[in-house]
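Encoded as structure tokens, the structure appears first; notes follow it.
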Amino acid sequence: MITIVFLAVLLLLLAALLLIAIKLKAAQRRIKEARSQLIQSAKMASIGMLAGSVAHEINNPLIGVLNNIQLIKMLVEQKNDFSAQDFRELLDTIETSALRCSGITRSLLDFSRSSKGVYQCVSLNEIIEKSINLLALEIKINNITVERWLGDGIPAVSADPLLLQQAIFDIVNNACWAIEKKSGRQGGKVTIKTAYEPSCKKAVISILDTGIGIPEDDLKKVFKPFFTTKPSGEGTGLGLSIVRDIINEHNGSIEVESKAGEGSIFKIKLPVLGGEKR
Amino acid sequence: MSLKKRVFIADDDEAVLTSLQRLLQLSDFEVEVTRHPKEIVDKIKAFRPDIILLDLLMPNLGGLEICEMLNSDDQTQGIPIIVISALGREEDIKRAYRLGVIGYFVKPYDFNDLLKEIRRTIAYKEAKPE
């Protein structure tokens, strides 16, 4: 009798545990979905910020297209000595300008896609270049020099390229903001380095800026959600906390060193794929 | 001596610069150009243009800073400046007008509108008593 009661209690406990496990799993899935939505929302906010840049970046090649079409019309109307070679050269320029427009819209569309959580073999240097390209106007307006020390033969990492690009974009974007706040149009420098540390088999991305820096008291808080030193309307306080989550999800680490008034260094370490080179 | 009116263009975008230069040459102007902001003032002093077309966003030295430099130099002040920029924000336009530019064209502009403005500005400058 005691055995039967014991077994019944055990069964009940098992059923309860199973129910808890199922609910826990469902809750984890909802948290993951909410997190993905949060990351995507943060990315869409960045894209909103990029809208003006994209318009600017497209308008330059677009005027190249329009001017050259106008030029062909004028040459035809004025019945100038207009050879097939001249015509070909103008068409080539139009094509180059149109392809520039298409490259800009494609990179924005790529960036705006939602992450599907697909990890693949990626080159850090390529991801860095794509992130910098998206910020071309910010860099130009604020007279910022971007110095690249991208190591050759850095082993590839297993990463979700969209998430990693978002993380690097956010850090470089913050660097541009910090430089603008310190120096206005006088500009400054962002230095991006990649290296491989064989001892820990990790790729290291260092992003240095000559911006306003972060006060010592704030350094421990910069990765906390909703912490921001930016004025209202210039930041949500989610950027760096999302960056840290993305890096953690890639089994990496991120740390920051900074000196108020002098600049900051963000250092990301990511495990590489077993020695293979890209 | 050439009787053609002289236009100076400063823009760091090669496609814009070359096409605009050819369009203005076909429209009977003498044209000098540069892609490098640091040589603008010297080139303008040497070329003595009737009008300047100036991009705002160039590396190292912005168009508005160049406006200030031109305004404060005896040899270049008074030369009409038209801004040609992909920046169309109200604050940029207001800043440019405050610095004395006489026109502001946001890219992509219509070349014929720009041409009319260039001719109108040069005609006005010539008709205006010193």
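Each of Tyr109(B), Phe105(B), Phe111(B) was evaluated against Ile63(A); a single residue qualifies, Tyr109(B), per the side chain to side chain contact (heavy atoms under 4.5 Å, CB included) test.
No more than 12 heavy atoms of other residues, nucleotides or ligands shown are found within 6.0 angstrom of CD on Gln186(A). In this structure, Glu147(A) places its CD atom where more than 12 heavy-atom neighbours from other residues, nucleotides or ligands lie under 6.0 Å away. When the shell of 6.0 Å around NZ of Lys189(A) is examined, it contains 12 or fewer heavy atoms from other residues, nucleotides or ligands. Enclosure of atom NZ in Lys43(B) by more than 12 non-hydrogen atoms of other residues, nucleotides or ligands within 6.0 angstrom is indicated. Counting non-hydrogen atoms of neighbouring residues, nucleotides and ligands closer than 6.0 angstrom, the CZ atom of Arg95(B) reaches no more than 12 such neighbours.
The part of Asn143(A) that comes within reach of chain B is its side chain, from C-beta onward, which places non-hydrogen atoms under 4.5 angstrom from that chain. At a 4.5 Å heavy-atom cutoff, the contact between Leu90(A) and chain B is made by side-chain atoms alone. Heavy atoms closer than 4.5 Å to chain B are found in both the backbone and the side chain of Gln70(A). Heavy atoms of Glu14(B) lying under 4.5 Å from chain A are absent altogether. Only the side chain of Leu137(A) comes within contact range of chain B, judged by heavy atoms closer than 4.5 Å. With a 4.5 angstrom heavy-atom cutoff, Ser27(B) touches chain A via backbone and side-chain atoms both. Proximity to chain A (any heavy atom under 4.5 Å) is shown, for Asp110(B), by neither the backbone nor the side chain. Only the side chain of Leu66(A) comes within contact range of chain B, with at least one heavy atom under 4.5 Å from a heavy atom of that chain.
Taking CD1 of Ile69(A) as the start and OG of Ser19(B) as the end, the distance is 11.0 Å to the nearest 0.5 Å.
Closest approach of Ser97(A) to Ala15(B), counting heavy atoms only: OG-CB, 4.0 Å. The shortest non-hydrogen separation linking Lys140(A) to Leu57(B) is CE-O, 3.2 Å.
Although no hydrogens or angles enter the test, the distance criterion places a donor-acceptor pair under 3.5 Å between the side chain of Asn59(A) and the main chain of Lys107(B).
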Note to self: Under the criterion side-chain contact (heavy atoms from CB on, under 4.5 Å), I'd like the reasoning laid out for Thr18(B) against Asn67(A): C-alpha separation, chi angles, the key distance, then a yes or no.
What the structure shows: CA-CA 9 Å; Thr18(B) 314; Asn67(A) 275 353; over 6 Å; no
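Among Val16(B), Leu56(B), Leu64(B), the residue making the largest number of heavy-atom pairs under 4.5 Å with chain A is Val16(B). Of the residues considered (Thr145(A), Leu75(A), Thr96(A)), Leu75(A) shows the highest number of contacts with chain B, using heavy-atom pairs under 4.5 Å. The candidate from Gly88(B), Pro108(B), Ser85(B) with the greatest count of non-hydrogen atom pairs under 4.5 Å with chain A is Pro108(B).
Ion pairing between a basic and an acidic side chain is recognised when a charged N comes within 4.0 Å of a carboxylate O; Asp86(A) and Arg22(B) show no such pairing.
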